[in-house]
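The next block holds one structure in the form of structure tokens; read it before the comments.
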Amino acid sequence: MESGAGGSILSETLIKQWNRPGIKLLRIVDVPLTRQVGLIYHKEKYRAQAVLKFTEILKDHIHQFNFNTV
């Protein structure tokens, strides 16, 4: 925040787009960052083949990097 009351972790792409005077950039290096993400769908509704395939690919990708899934 420009008021000096806080901070945030933002992507480099966003920082480049939102370059404003008075904002100080502190680069974070060599620190593993994690993020929780989810895939939400109604379990009783029809899901097209494309959705099922996307879900399968996503789960495989997550398991490939030893991430946890619920």
Side-chain angles (χ1 to χ4, degrees):
M1 303 176 89
E2 290 183 67
S3 65
S8 183
I9 297 175
L10 303 171
S11 70
E12 185 174 1
T13 303
L14 183 59
I15 290 169
K16 287 178 180 178
Q17 291 176 1
W18 197 57
N19 187 16
R20 299 186 54 182
I23 302 293
K24 181 173 174 102
L25 171 65
L26 300 174
R27 189 169 300 279
I28 300 172
V29 294
D30 297 329
V31 177
L33 299 175
T34 62
R35 173 185 293 183
Q36 286 186 337
V37 296
L39 179 62
I40 300 172
Y41 57 88
H42 195 292
K43 65 182 178 182
E44 295 175 10
K45 298 283 184 173
Y46 171 77
R47 285 179 284 148
Q49 277 301 122
V51 173
L52 295 173
K53 186 63 177 174
F54 174 75
T55 304
E56 178 185 326
I57 291 169
L58 185 60
K59 285 181 178 180
D60 290 345
H61 187 73
I62 289 169
H63 288 297
Q64 180 181 13
F65 290 100
N66 296 317
F67 296 137
N68 294 323
T69 59
V70 177

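Quick caveat, the model's predicted, so the values are computed rather than measured. Because only heavy atoms are used, hydrogens play no part in the values below, and waters and symmetry mates are left out as well, while side chains stay in.
- In this structure, CG in Leu52 is found 11.0 Å from CD1 in Ile57, a value given to the nearest 0.5 Å.
- Under a hydrophobic clustering in which Ile, Leu, Val, Met, Phe, Trp and Tyr are joined whenever their side-chain heavy atoms come within less than 4.5 Å, directly or via other members, Tyr41 and Phe54 fall into the same cluster.
- Rounding to the nearest 0.5 angstrom, the gap separating the CG atom in Leu39 from the OG1 atom in Thr55 is 4.5 Å.
- With sequence neighbours left out, Glu56 forms a salt bridge (Lys or Arg N to Asp or Glu O under 4.0 Å) with Lys53.
- Interatomic distance, Ser11 OG to Gln17 CD, rounded to the nearest 0.5 Å: 7.5 Å.
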